[in-house]
Structure formats: structure tokens, C-alpha cells
Protein chains: 2
Amino acid sequence: MPPKVKTDAEKLAIRTVIIDAARDLFIHHGVDAVTMRGVANKIGYSATSIYLYFSDKEQLLRAVVDADALKLAQALHSTLAISDPLERFLQFAQHYVQFALANPNHYRMMFMTPHLPCDPALSSIEQHNPEQDGYAQLIGVATSACAAGIFKDEFNHPVLLAQTVWASMHGLCALQINMADDAWINWQPIEARIDFMMRMCLQGLLKVTPHE
Amino acid sequence: MPPKVKTDAEKLAIRTVIIDAARDLFIHHGVDAVTMRGVANKIGYSATSIYLYFSDKEQLLRAVVDADALKLAQALHSTLAISDPLERFLQFAQHYVQFALANPNHYRMMFMTPHLPCDPALSSIEQHNPEQDGYAQLIGVATSACAAGIFKDEFNHPVLLAQTVWASMHGLCALQINMADDAWINWQPIEARIDFMMRMCLQGLLKVTPHE
DNA sequence: TTTGTTATTTAACGATGTTAAGTTAACGAT
DNA sequence: ATCGTTAACTTAACATCGTTAAATAACAAA
């Protein structure tokens with residue numbers, strides 16, 4: 001029984017319904033569980049209908065992840081209000097790690113899975129908008145921390161600092177997400193690893209030993 | 001024209017031929033290019049014959065990666081001869097990063113791709129053998145560096161140290177492998193990021209500022 | 001009422017991992 | 001020597017996947 005004419009708003013709503021269905025499969029059963037037929041089934045559509053809203057599977061998954069990249073930026077946004085630049089930097093990193101570990105599938109999709117070069121034009125995220133763009137936030141936080149003059153001169157390079165600290169946090173999250181179950185390795189508790197990492201980085205970067 | 005009875009050695013040789021063909025596709029065209037039919041074609045067999053040597057595709061890929069995990073351990077083994085514990089630690093990390101960036105597909109497969117919990121029984125690698133087991137090497141290097149008394153007391157925990165430094169290096173490699181082409185990010189040169197990371201970690205860990 | 005457009009479905013294609021059912025050469029025993 | 005039996009391999013086939021092409025039905029406009 002074929003359909004009625006749809007307004008743009010209705011079409012957008014269906015798009016959202018599809019994305020949510022895909023996300024649900026995605027979160028609970030991993031990427032592999034996201035099949036076009038599976039998503040379609042979940043919303044009572046036929047598989048091919050999804051192609052009316054997304055050009056292919058990759059675009060659908062991209063939309064799912066895009067929405068959650070925005071959620072990441074929003075989760076981080078609250079830390080930007082912290083006045084002390086160092087505390088802001090620390091809380092930003094903490095929240096990043098918390099988000100990653102709380103949303104491992106999305107984190108994997110965003111940062112651990114091969115994907116075509118991301119076209120900013122196709123994203124719903126406005127690049128360099130500090131409310132939406134997590135990377136822009138990171139650069140901002142690193143820049144203001146550098147400006148506060150708390151780091152040793154050799155580390156007072158906002159972009160390098162940002163990308164290196166990011167790499168440290170990413171390393172923690174990525175190994176935890178991918179290798180936590182690996183019987184080969186006697187993992188220490190993730191909290192202990194996070195704490196160790198934070199202290200190591202801070203002691204390396206700061207001019208003076210952080211007050212205990 | 002069907003075949004002749006094969007000795008165990010011949011069977012092992014064919015296994016190796018299959019692994020090598022799979023590796024070749026794998027390295028040059030990524031995981032997705034490894035199809036059973038593709039591998040079979042490359043060696044003049046039919047796809048189903050591979051199932052006589054590997055129970056399924058995952059086991060085949062596992063065998064490919066397993067062989068290269070051994071190569072990683074061998075690449076790192078040379079650094080174990082360095083007498084100075086700190087220098088050994090540094091060179092070990094350096095070699096690790098070099099291997100990862102030189103073998104991105106294998107690195108991705110080993111440490112960035114979801115896989116069933118690795119069963120040490122099925123591996124060709126002898127766990128805890130410092131010539132074959134890279135993780136055992138890492139623990140050893142970290143332990144002797146700790147024993148040298150060069151690190152601040154709060155960081156003098158071999159396993160935590162090992163896992164944290166590993167995470168740092170992994171973060172560098174993983175972001176580089178997965179995100180280097182991402183237009184969203186104005187990446188600094190990977191060499192600069194490695195250098196920054198090394199210095200940050202060292203300054204954090206060491207009791208005294210490293211001699212320049 | 002006809003005509004065309006829009007939203008959707010069914011049918012189908014080609015590729016993939018994998019299993020089942022052959023096919024043929026070599027070997028062991030008689 | 002020949003007659004099963006088996007080892008090594010192939011061809012057929014299945015289910016599932018992403019995706020495209022063709023068909024269908026409801027609505028809007030004429």
C-alpha cells in the first residue's frame with residue numbers, strides 16, 4: 001500500500017527514524033549487525049527504501065556517527081566554562097575519555113575504523129564552531145592553556161600539544177576498547193591507567209610539579 | 001586433475017603459500033581485498049580448497065597477522081641488546097612506532113580491529129618467550145628501566161608504566177594510520193608528534209631532566 | 001478524467017563466505 | 001593386477017549482503 005506525499009519535515013523525520021534504528025543495531029550488536037535489511041525491518045520499511053534517504057550504507061553510518069560526534073562535542077562543551085585553563089584542559093581530557101569508554105561502538109566508528117576522507121561539506125557539524133566541533137574545542141583548550149604560561153617552553157606549541165595529548169588519550173581508549181578482553185595481556189584497571197597517563201603527561205608538560 | 005597424497009611438510013608448505021597470497025592482497029589492498037576467491041585465484045586453487053587448510057576466513061587472517069606479530073617481536077628484539085636501560089626503553093618505543101607506520105595494515109589488524117579473544121594456544125608465538133612475544137619484551141624493558149631507579153617513585157610500577165607508554169605510542173600510530181587523511185584536522189608532521197610525545201613522556205617519568 | 005509525480009515495493013544482479021556433493025588420482029590390501 | 005578406500009581437490013549450490021531496475025499505487029494538477 002503505497003504512500004502519501006511527504007513534506008520536507010516529514011522526510012527529515014523519516015531520515016531520523018532510519019538513523020535511530022541503525023544506531024540501535026549499531027550500539028547493541030556492533031557495525032556488522034547494521035545491514036540495510038536489518039535496519040529496514042526495524043522500522044517496517046523495505047531495504048531499498050533506505051536508499052531514498054541515504055545514497056549508500058556508508059552514508060547512513062556516517063550520519064549515525066556524525067550525530068554522535070555532535071554529542072561528543074556537547075559532552076565536552078560543559079568543560080569549556082571552567083575558568084582555570086589547566087583545570088579546563090584536564091576536565092576536557094577526562095570527559096573525552098569518559099565519553100569514549102561509555103560509547104565504545106561510536107568511538108570505534110569515529111576514530112578506529114577506516115573511512116573515506118571526511119568531507120566537512122556533508123557533515124551536520126559546523127566546522128570551527130566551538131559548540132559543535134570537538135577538534136576546534138581541543139585546539140581552543142590547548143591554546144588557552146599554552147597562553148597561561150604554565151607549560152615548559154619546549155611544549156608551548158598549542159597544535160602539537162593538542163594532537164599529542166589527544167593521541168595519549170586515544171591510545172588509552174583505543175586499547176581498552178579493542179584489547180580489554182585479550183587474554184595475552186594482564187591489564188591493569190583502566191582507571192589506574194588513566195590516572196597514570198594523566199600524571200605522566202602533566203608532570204612532563206608543566207613547569208612546576210602539580211600541587212598534590 | 002586431482003592430486004597426490006601429501007606429506008605433513010607439503011601440507012605446511014601449502015598453508016604458507018596461502019598465507020603469503022593472503023598477506024599480499026592484504027598489504028597492498030587492505031583487509032577488504034582478502035576474499036577467499038581472490039586468495040585462491042592467486043595461487044591457482046579453488047576457493048573451497050582453502051577450507052582444507054583454514055577453518056574459515058578469520059583463521060586465515062589470524063594466521064597472517066600471527067606471522068607478523070612474530071615479525072614485530074623480531075624487529076624489537078634487536079633493541080634488547082642495548083645495555084643502558086633508558087636508551088633500551090627509548091629505542092624499543094621508537095622501533096615499535098617505526099614498525100607500526102611501516103606496516104599499517106598489519107598494525108591495524110593486530111591492534112585496531114575487533115577480533116575474538118586471542119587464544120594463546122592457537123598462536124605460533126610462544127607466550128613469554130622474549131624472542132617471540134612483544135608484550136613480554138615490553139614488560140621486560142619497563143621492568144629493567146624501573147629497576148635502574150631513573151623514574152620518579154610514583155611512576156616506578158613496571159606494568160602500569162609499560163601499559164601507559166604503550167598506550168601513548170599506540171595513540172600516535174593509530175591516529176596516524178586511521179586519520180592522517182582527515183581533512184578536518186591540520187595534522188602536524190608525524191615526526192614532530194612522535195618527538196613531542198617522547199619528550200613529554202620522558203620529562204614526566206624521569207627524576208632528572210634528560211641531558212640535551 | 002487523464003496525466004504525471006512521489007513514495008514505496010518487489011524482483012533481480014553480482015559478490016561474498018561457506019557447505020555439500022561430486023571427481024579423480026594414488027595408495028593398501030588381496 | 002585389481003579393487004575398494006581415501007586424500008586432494010573442484011564444481012554446484014545456498015544464504016546473505018549491498019545495490020539497481022522495474023513495477024505499483026496514492027496523490028496532485030490539468
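Because the structure is a prediction, the values reported are computed rather than measured. To find a chain, count down the sequence lines: A is the first, B the second, and so on, and within it residues start at 1.
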Next on the checklist: Considering every strand and a 4.0 Å limit on heavy-atom distances, what is the contact class for B/Tyr45: base, sugar-phosphate, or nothing?
Outcome noted: sugar-phosphate
Item to check | Distance-only donor-acceptor test (3.5 Å): side chain B/Thr48, base C/dT19 | outcome: no
Checklist outcome for this item: When A/Trp166, A/Phe151, A/Phe155 are each screened for ring-ring contact (aromatic ring centres under 6.0 Å, His included) with B/Phe196, the one that passes is A/Phe155
Checklist entry - The side chain of A/Asp56 lies closest to which of these nucleotides: D/dA8, C/dT18, D/dT19? => result D/dT19
Next on the checklist: Rounded to whole Å, how long is the line connecting atom CG of A/Asn41 with atom C1' of D/dT16?
Outcome noted: 14 Å
Item to check | Base-pairing mate for C/dA29 - Watson-Crick or G-U, with both contacts under 3.5 Å | outcome: D/dT2
Checklist entry - Which one of B/Tyr107, B/Phe99, B/Tyr96 satisfies the ring-ring contact (aromatic ring centres under 6.0 Å, His included) criterion with B/His170? => result B/Tyr107
Item to check | Donor on one side chain, acceptor on other, A/Tyr135 and B/Asn186, under 3.5 Å | outcome: yes
Next on the checklist: With a 4.0 Å cutoff (strictly under), does any side-chain N or O of A/Tyr53 reach OP1 or OP2 of C/dT8?
Outcome noted: yes
Item to check | A/Asp56: salt bridge (Lys or Arg N to Asp or Glu O under 4.0 Å) partners, not counting sequence neighbours | outcome: none
Next on the checklist: Taking salt bridge (Lys or Arg N to Asp or Glu O under 4.0 Å) as the definition, give me every residue that meets it alongside B/Arg23, ordered by chain and number, with sequence neighbours left out.
Outcome noted: B/Asp20, B/Asp68
Next on the checklist: Over all strands shown, is A/Phe54 touching base, sugar-phosphate only, or nothing at heavy-atom distances under 4.0 angstrom?
Outcome noted: nothing
Checklist entry - How long is the line joining CG of B/Leu60 and P of C/dT16, in whole Å? => result 15 Å
Checklist entry - Starting at CD1 of A/Ile50 and ending at P of D/dT19, how long is that distance when rounded to a whole Å? => result 11 Å
Checklist entry - Among side-chain atoms of A/Gln132 and A/Gln74, is any donor-acceptor pair under 3.5 angstrom? => result no
Item to check | Separation of C/dA20 P from B/Tyr51 OH (nearest whole Å) | outcome: 13 Å
Checklist outcome for this item: To the nearest angstrom, the CG-C1' distance between B/Leu52 and D/dA7 comes to 10 Å
Item to check | Value in whole Å for how far the C1' atom of C/dA26 lies from CD of B/Glu10 | outcome: 13 Å
Item to check | Interface with DNA chain D, restricted to residues 24-37 of chain A and to heavy atoms under 4.0 Å | outcome: A/Val34, A/Thr35, A/Met36, A/Arg37
Next on the checklist: I'd like to know if the side chain of A/Glu154 pairs up with that of B/Gln203 as donor and acceptor (distance under 3.5 Å, no hydrogens or angles considered).
Outcome noted: yes
Checklist entry - Given that both distances must come in under 3.5 Å, which nucleotide forms a Watson-Crick or G-U wobble pair with D/dA8? => result C/dT23
Checklist entry - Separation of A/Lys57 atom NZ from C/dT16 atom P, in whole Å? => result 15 Å
Checklist entry - Just to confirm, is there a sub-4.0 Å distance from OP1 or OP2 of D/dT11 to any side-chain nitrogen or oxygen of B/Ser46? => result no
